[in-house]
Enquirer: 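So that we are looking at the same thing, I have put the structure below in structure tokens.
Naming convention: chains lettered A, B, ... in sequence-line order (proteins, then strands); numbering from 1 in each chain. Only heavy atoms go into these numbers, but all of them, side chains included; no hydrogens, no water, no symmetry mates.
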Amino acid sequence: MLEMKHVTVETVDIKKPILKDFSLSIQEGEIHAIMGPNGAGKSTLSKVIFKNPNYEIKQGEITLFDQDLKALQTEQIARMGAFLVLQDPPVIEGVSTSDFMREALYEKTKERVNLYSFVKEIEKDCQKLSLKEELLHQSINQGLSGGERKKNELLQLLLLKPKLIVLDELDSGLDVDSLKQVCKVFNDYLKEYPSTSVLIITHYSRILEYIHPDFVHKMVDGKIVQTGTIHLAKEIEKEGYQINEHTKEQSHE
Amino acid sequence: MNKIKRKEKGNGIKKIHLKERQKDCIQLLNEENFQIEIELEKESLLEISQYSKNASGRIQIYLKGEDSKIEYHYNTVNQTENKLKVEVFHESPKTESRLFLHGWNQEEQALSFLVNVYIPKGMHGSVAQQENRIYNEKKGKALIEPTLFIDEFDVEASHSSFTGPFEETSKFYLKTRGLEEDQINHLLLEGFLEGKELTEEEKFHFFQKRKEG
Ligand SMILES: Nc1ncnc2c1ncn2[C@@H]1O[C@H](COP(=O)(O)OP(=O)(O)OP(=O)(O)O)[C@@H](O)[C@H]1O
Ligand SMILES: [Mg+2]
């Protein structure tokens, strides 16, 4: 599904290296979690997978759905079935959520749906996430709280039915009850489409209590320094991200 | 905005005068240079949305009567060099002007918005608001110059300006949902230029890029 081999990435503007010899392999139906401290390069990783123009892949190989990422553009990656839940979804003034979602849906199905049928179709998903339908007629994310924006991301996910999902700090902005609710909706989706692959990016292990990963990776300074199971997440929760003797030599300086 | 009451050609010289307590909501469409003079009497309310293509213009607004109010949405698509000059004269207390000037500068040309708002002493309780934006698609010149001449304490004045290309984060976000550059520009522009109020035909005409040759 996603294969990254010895990938080095730097920013286009100031040539700052962020991912350093980074490798990761995600198979169909697997759930991976990456945990790392602020600035480790987690959001960068998610954007690199979606070919954000601010980053350049200097070394290594990335294949996504068995295709070389080099030859793909962001919108193609999305159309092949990858979905990114952003850490901070932006406000886009003047573009209504429904117009944009209908356009996205059209790209997937090549069928136009009118506003009425669209709202009818999405009503249930709004209810599941306790989102007011008015949001569909407003500008994208305008006037929404951090948590509501994350729910709006989930709403789009349910509509587009992706095969590979990257969640960048899904839990940020969500209160305890909302997190439970959103994770339930997410798990229901995985139950319905069990071949979906997931990459969860997070600082805290809290979300992993609800969405159970098959693998947990610890990421420090642009690379994965340790891989394990949920026990690793618990260990990190207890001890923080300080690099232990074992991994010290691989870290910088 | 309220419901548009009438549509008019905006070309050439035009005078609009609202009597006491009159309310009006007008849509103007123009592709030639224009000059508009507006006079508002007491407690009148005027809402204008103007769609302008490749045109320069001058707008003079006289808020003559107490409690008179204007809301002006100016949306322009620019492929040649153009300039808009707006002057607002708050001539009575409790008068309100709200200007929303949005331009899409498509080519490497110059587009400028010059806005002067005058609120002399004694015009207490007045409101002057401006939100001016130019999206500069290529490397054209975009200039916004708002000047407030305010001699009265008790007024509420605000302005915001923006010139530049569409934000990369917005574009990236829409691309991660499978939309292409062209679709994205179309959506962003339609929103930016308040294109929803136009008919399909007008929209096509207004947003269509000039064909070469
Ligand atoms: N476009 C950019 N230009 C310059 N520096 C950048 C750019 N993008 C990221 N960085 C830097 O790279 C480092 C990693 O950023 P990134 O956002 O990937 O971290 P993160 O692991 O997601 O952190 P957090 O946990 O706080 O979300 C940071 O030091 C950041 O300042
Ligand atoms: Mg981050």
Enquirer: Surrounding CD of E61(A) (heavy atoms of other residues, nucleotides or ligands, distance under 6.0 Å), is the total greater than 12?
Expert: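 It does not: E61(A) CD has 12 such atoms or fewer within range.
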Enquirer: Write down the atom of S170(B), the atom of P90(A), and the distance for their closest heavy-atom approach.
Expert: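 In this case the closest contact between S170(B) and P90(A) is CA-CG, 4.5 Å.
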Enquirer: Does NZ in K15(A) sit with more than 12 non-hydrogen atoms of other residues, nucleotides or ligands closer than 6.0 Å?
Expert: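 Enclosed.
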Enquirer: Using non-hydrogen atoms and a 4.5 Å limit, figure out which bit of S96(A) sits close to chain B: side chain, backbone, both or neither.
Expert: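 For S96(A), the side chain is the part near chain B, not the backbone.
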Enquirer: Mark yes when over 12 heavy atoms from residues, nucleotides or ligands other than K14(B) sit less than 6.0 Å from its NZ; otherwise mark no.
Expert: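 Yes.
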Enquirer: Inspect the surroundings of CG in N114(A) and state if more than 12 heavy atoms from other residues, nucleotides or ligands are less than 6.0 Å away.
Expert: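 Atom CG in N114(A) is crowded, with more than 12 foreign heavy atoms closer than 6.0 Å.
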Enquirer: Do you know which of D88(A), D99(A), N54(A), I92(A) has the most heavy-atom pairs with chain B at a distance under 4.5 angstrom?
Expert: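 Option with the greatest count: I92(A).
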Enquirer: Just checking, any donor-acceptor pair under 3.5 angstrom between side chains of E75(A) and Q183(B)?
Expert: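 There is no such pair (donor and acceptor under 3.5 Å, judged by atom type) between the side chains of E75(A) and Q183(B).
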Enquirer: I'd like to check I140(A) versus Y173(B) (side-chain heavy atoms, cut-off strictly below 4.5 Å). Are they in contact?
Expert: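 Result yes, sub-4.5 Å side-chain heavy-atom pair found.
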Enquirer: Which atom pair, heavy atoms only, marks the closest approach of A78(A) to G178(B)?
Expert: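 Looking at all heavy atoms of both residues, the shortest contact is CB-N, 3.4 Å.
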Enquirer: Can you tell me if CD on E81(B) sees more than 12 non-hydrogen neighbours from other groups inside 6.0 Å?
Expert: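 For E81(B), atom CD is not crowded (no more than 12 foreign heavy atoms under 6.0 Å).
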Enquirer: For K94(B), look at atom NZ and say whether over 12 heavy atoms of other residues, nucleotides or ligands are found less than 6.0 Å away.
Expert: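 12 or below, so no.
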Enquirer: Where on Q156(A) is there a heavy atom nearer than 4.5 Å to chain B: the side chain, the backbone, both, or neither?
Expert: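 Side chain only.
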Enquirer: Taking atom OG1 of T176(B) and atom CG of L86(A), what is their separation to the nearest 0.5 Å?
Expert: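 Here the interatomic distance stands at 6.0 Å.
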Enquirer: Relative to chain A, which of E168(B), E181(B), K175(B) shows the most heavy atom pairs under 4.5 Å?
Expert: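 That would be K175(B).
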Enquirer: Quick check: are there more than 12 heavy atoms from other residues, nucleotides or ligands sitting under 6.0 Å from NZ of K15(B)?
Expert: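 No.
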Enquirer: Just to verify, which of E153(A), E103(A), E107(A) counts as forming a salt bridge (charged side-chain N to carboxylate O under 4.0 Å, His left out) with R177(B)?
Expert: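 For R177(B), the salt bridge (charged side-chain N to carboxylate O under 4.0 Å, His left out) check succeeds only for E153(A).
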Enquirer: Can you tell me if K141(B) has over 12 outside heavy atoms packed within less than 6.0 Å of its NZ?
Expert: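 At most 12 heavy atoms, drawn from other residues, nucleotides or ligands, come within 6.0 Å of this atom.
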Enquirer: Picking from L174(B), L179(B), L187(B), which has the most non-hydrogen pairs under 4.5 angstrom with chain A?
Expert: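 Between L174(B), L179(B), L187(B), the count favours L179(B).
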Enquirer: Less than 4.5 Å to any heavy atom of chain B: does that hold for the side chain of I77(A), its backbone, both, or neither?
Expert: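 No part of it gets close to chain B.
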Enquirer: Tell me, side chain or backbone of K47(A) under 4.5 Å from chain B's heavy atoms, or both, or neither?
Expert: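 Both parts, heavy atoms under 4.5 Å.
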